[in-house]
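Each remark here refers to the structure printed beneath this line.
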Amino acid sequence: MIYTDYATKHSIEEIENFEDFVKYFITLEVPLDYGWYDDVNFIVKSENNLYTFPLRHKENNDVNAIFTGEVLLETKALYYYYFNCKIYGNMKVIINNKVRDIDNLSIDDMGKLSVNFSVPKWAKGKTMYHIFVDRYRRCSTKKMEEMPNRIIHKSFLEKMIIGPDENGIWNNDFYGGDLKGIENSLDYIYSLGASIIYLSPIVRSQSNHRYDTADYLNVDPYVGCNADLKSLCEAAHKKGMKIILDAVFNHTGNDSVYFNEFGTFENLGAFQSVNSKYSNFYRKHLENGKMDFEYWWGMRNLPVCDGNSIEWKKFITGEGGVIDKWFSLGIDGLRLDVADELSDEFIELIRKAVKRNKEDGFILGEVWKNPMRMGRGYIESGKGMDSVMNYLLVDALIRYFKYNDIEKLAKTIKEIKNEYPIDTRNALMNFTSTHDISRLLNILSSNCFSKDSEWVWNLINNDLDWQKDFVLSKDEYQKGRDIYEAYCFALNLMPGIFSIFYGDEIGLQGMGNLANRKPFNWNYMDKKLLRFFRNIGKIRRIESFLEEADFNILDINSDYLMFERATNEEKLLVGVNKTDKDVDILIPHEYKNYSKVYTLKKSDIDYLGPFGAIAIKK
C-alpha cells in the first residue's frame with residue numbers, strides 16, 4: 001500500500017498476484033473545490049514505455065471526488081507513476097499528491113513502484129564483512145599438502161609474492177586462510193556490527209584468488225571441505241548472520257575438471273576432446289580455419305563459458321546443479337562475478353535457482369556503472385539481481401573527500417536516488433575497499449592517483465615492486481586515518497550495505513589490486529581505528545530504521561556534507577567535515593530538541609571539529 005496525505009490522496013493496493021503480472025486497485029482523491037475533473041488517468045512510465053490507465057469517477061464525499069480503476073502491470077523492478085486529468089478543460093498533472101501544470105515533468109518528482117520485486121529484508125541497510133579467504137585466518141590443524149604449481153607460506157607474516165613466480169605463474173602463493181578461521185572469528189566480525197559475511201571464491205581453483213574455478217562442487221582443500229562450509233553457515237546463523245559466496249560463472253580455469261588442459265584430472269576435459277561431456281560448456285570461435293576457445297580478456301588460463309549452452313545452464317542453475325549444491329550447505333546469497341558479461345537469461349535462471357532454495361536468497365552483482373542505464377535486465381526486469389556493488393557512489397565520495405568534487409557527488413547521489421529501485425538502493429554494496437582496488441586508506445593518504453582517471457583509484461605507478469613495498473609514512477598514515485574516519489562515518493550512514501573489506505578496520509595497507517590482498521595481521525591492529533569501526537557499527541545496529549529510511553542531501557560544500565535519513569516516525573541528521581579545521585554548521589530547527597547525538601572528533605551541535613562528524617537523532 002502506498003499512501004500519502006497532501007493536497008490530494010492516492011493509494012495503490014495489490015489485489016491479485018500472477019507469476020509475471022500483478023493486478024492493482026488504484027484510488028485517487030482530489031479536492032472538489034479545485035473544479036470539474038475529466039479524463040483522469042494513472043500514468044505509468046518504464047524505461048522505454050509509457051502506459052495510460054483511465055480511472056472512473058466512483059463517488060464524492062464532503063470534500064473530495066474519488067476516482068478508481070484496476071491496472072495490470074508486468075513484473076519490473078522500477079516503474080515511475082503519476083496522475084493526469086483535465087480541470088475545466090485544462091490539462092494538469094498530479095505529482096507528489098499536488099496538482100500542478102503539466103510543464104517540466106521530471107522523474108525526480110514521480111512516484112516509484114516495484115512489481116513482483118523486493119530485496120530480502122536481512123540484506124537492506126546492514127553491515128557486511130568482505131573476506132579474501134586465503135589471507136584472513138587459518139585455524140585448521142590439518143597440514144596443507146603440496147599441490148602442483150602452489151607455493152605455501154610458512155607464516156602469515158611472510159611477504160606475499162606480487163607478480164609472476166620464476167615459472168611465469170601468477171597468484172600461486174597461498175597462506176591457507178580457511179573456513180575454520182572464519183568460523184572462529186565470528187565474534188570478532190560481529191563486534192564490527194556485521195550481520196553479513198561475503199566470502200571470495202572458496203571452491204577448488206588454480207590460484208589464491210580462486211576466480212579460476214577448477215571444481216565447482218568442492219571446497220578448495222586449503223580452505224577446508226564442504227562440511228566446513230556447512231559448519232560455518234550453521235554457526236553464523238546461530239548468531240543471526242548470513243553468508244554470501246562469490247559465484248564465478250562467466251569462466252573457469254584452464255586447469256579444471258571441465259577444461260583439463262594439462263590432464264590434471266582423470267576425466268576427459270573440453271580442451272582435450274570435442275567428445276568431452278564438458279565440450280559444450282565453453283564458447284568457441286573460428287580462428288585461421290581452426291576452432292578455438294574464447295578466453296576472458298585474452299587470458300589463456302580463463303576459458304569463457306557459453307551462457308547459451310543448455311548443458312552449462314543446467315549444470316549451474318538446474319535441479320541438483322551447482323547453486324542447489326551450495327545452498328544445500330547453508331549459504332544465503334550470491335555475489336555474481338563480472339555480472340555484466342552474463343546474459344540476462346542466464347541471470348534470470350540464477351535467480352530462479354536461488355529462490356528455489358531460499359525465498360529470501362540475495363543476489364548481488366558486480367556491475368561497475370549504473371545498471372539502470374545499460375539496456376540490460378540486470379535489475380530493471382525484476383527477474384534478475386537484487387542489487388549491485390556501488391562503484392558509482394564510492395568513486396564520487398572519494399573524489400569529494402580527496403579532490404573537493406562537489407558536482408560529481410551531488411550528481412551521483414541524485415542519479416542513484418532517482419533511477420534505482422528503492423529496495424536496490426537500500427541494498428547497494430557501499431564498500432570501504434575491495435580485492436580489485438587499492439586500500440581506501442592508501443587512496444586517501446597519498447598522491448599516487450590521478451583525479452582525471454575514469455576511476456579515482458587508478459594508480460599512476462603500475463610498477464609491481466613499488467606497489468609491493470609501498471608503506472605510508474607515519475604522518476601520511478595519521479592524516480589519512482583522520483580523513484578515512486570522516487569518510488567512513490558518512491558512508492556508514494548512507495543507504496545501502498556498509499561493506500568492510502577485511503583489514504580495513506585495523507589499518508591494513510595495500511597499493512594496487514594485488515598488494516591490497518595482504519594477510520590479515522592478527523598480531524598488529526590499529527586499535528584506535530578498530531574502536532572507531534566498532535562504534536559506527538553500533539550506530540547502524542541501534543538505529544535500525546536506517547535500513548529503509550529515505551535519503552535527502554541538505555548541503556554539499558567545500559567544508560562539509562550534510563544529509564538526512566528519515567522515515568515517517570524517525571529522523572537522523574548527519575554532518576561530516578572533510579577539512580582539517582573547525583567549521584560551523586547550521587542545524588535545522590527541528591533538530592534542536594534531539595533525543596540522541598553521535599559524534600566524531602570533538603564535534604557538537606553547532607560545529608564540526610577537524611575531520612569530525614555528528615549524527616543527530618530527532
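Below, all heavy atoms of this structure are taken into account, side chains as well, without hydrogens, waters or symmetry copies.
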Quiz prompt | Positive for side-chain contact (heavy atoms from CB on, under 4.5 Å) with Trp296, one of Met299, Arg300, Glu294 | solution = Met299

Self-check item: Salt bridge Lys284-Asp306, side-chain N to carboxylate O under 4.0 Å
Solution: no

Exercise. Give me the ring orientation class for Trp457 and Trp368: parallel if the planes are under 30° apart, tilted from 30 to 60°, perpendicular past 60°.
Key: perpendicular

Quiz item: Aromatic rings Phe249 and Tyr216: how do their planes relate, parallel, tilted or perpendicular, breaks at 30° and 60°?
Solution: tilted

Practice problem: Decide if the gap between the ring center of Tyr211 and the ring center of His435 is smaller than 6.0 angstrom. | Solution: yes

Quiz item: Do Ser309 and Glu311 have a side chain donor and acceptor closer than 3.5 Å?
Solution: yes

Quiz item: Can you tell me if OH on Tyr190 sees more than 12 non-hydrogen neighbours from other groups inside 6.0 Å?
Solution: no

Quiz item: Can Lys121 and Glu547 be counted as an ion pair, charged N to O under 4.0 angstrom?
Solution: yes

Practice problem: Say whether, by atom type as modelled, one donor and one acceptor occur between the side chain of Lys23 and the main chain of Phe18 under 3.5 angstrom. | Solution: no

Exercise. For the residue pair Asp215 and Asn218, confirm or rule out a side-chain donor-acceptor distance under 3.5 Å.
Key: yes

Quiz item: Is any NZ, NE, NH1 or NH2 atom of the basic residue among Glu366 and Arg335 found under 4.0 Å from an Asp or Glu carboxylate oxygen of the other?
Solution: yes

Quiz item: Looking just at side-chain N and O atoms, do Asn172 and Asn149 make a donor-acceptor pair shorter than 3.5 Å?
Solution: no

Quiz item: More than 12 heavy atoms of other residues, nucleotides or ligands under 6.0 Å from NZ of Lys355: is that the case?
Solution: yes

Self-check item: Donor on one side chain, acceptor on other, Asp255 and Asn301, under 3.5 Å
Solution: no

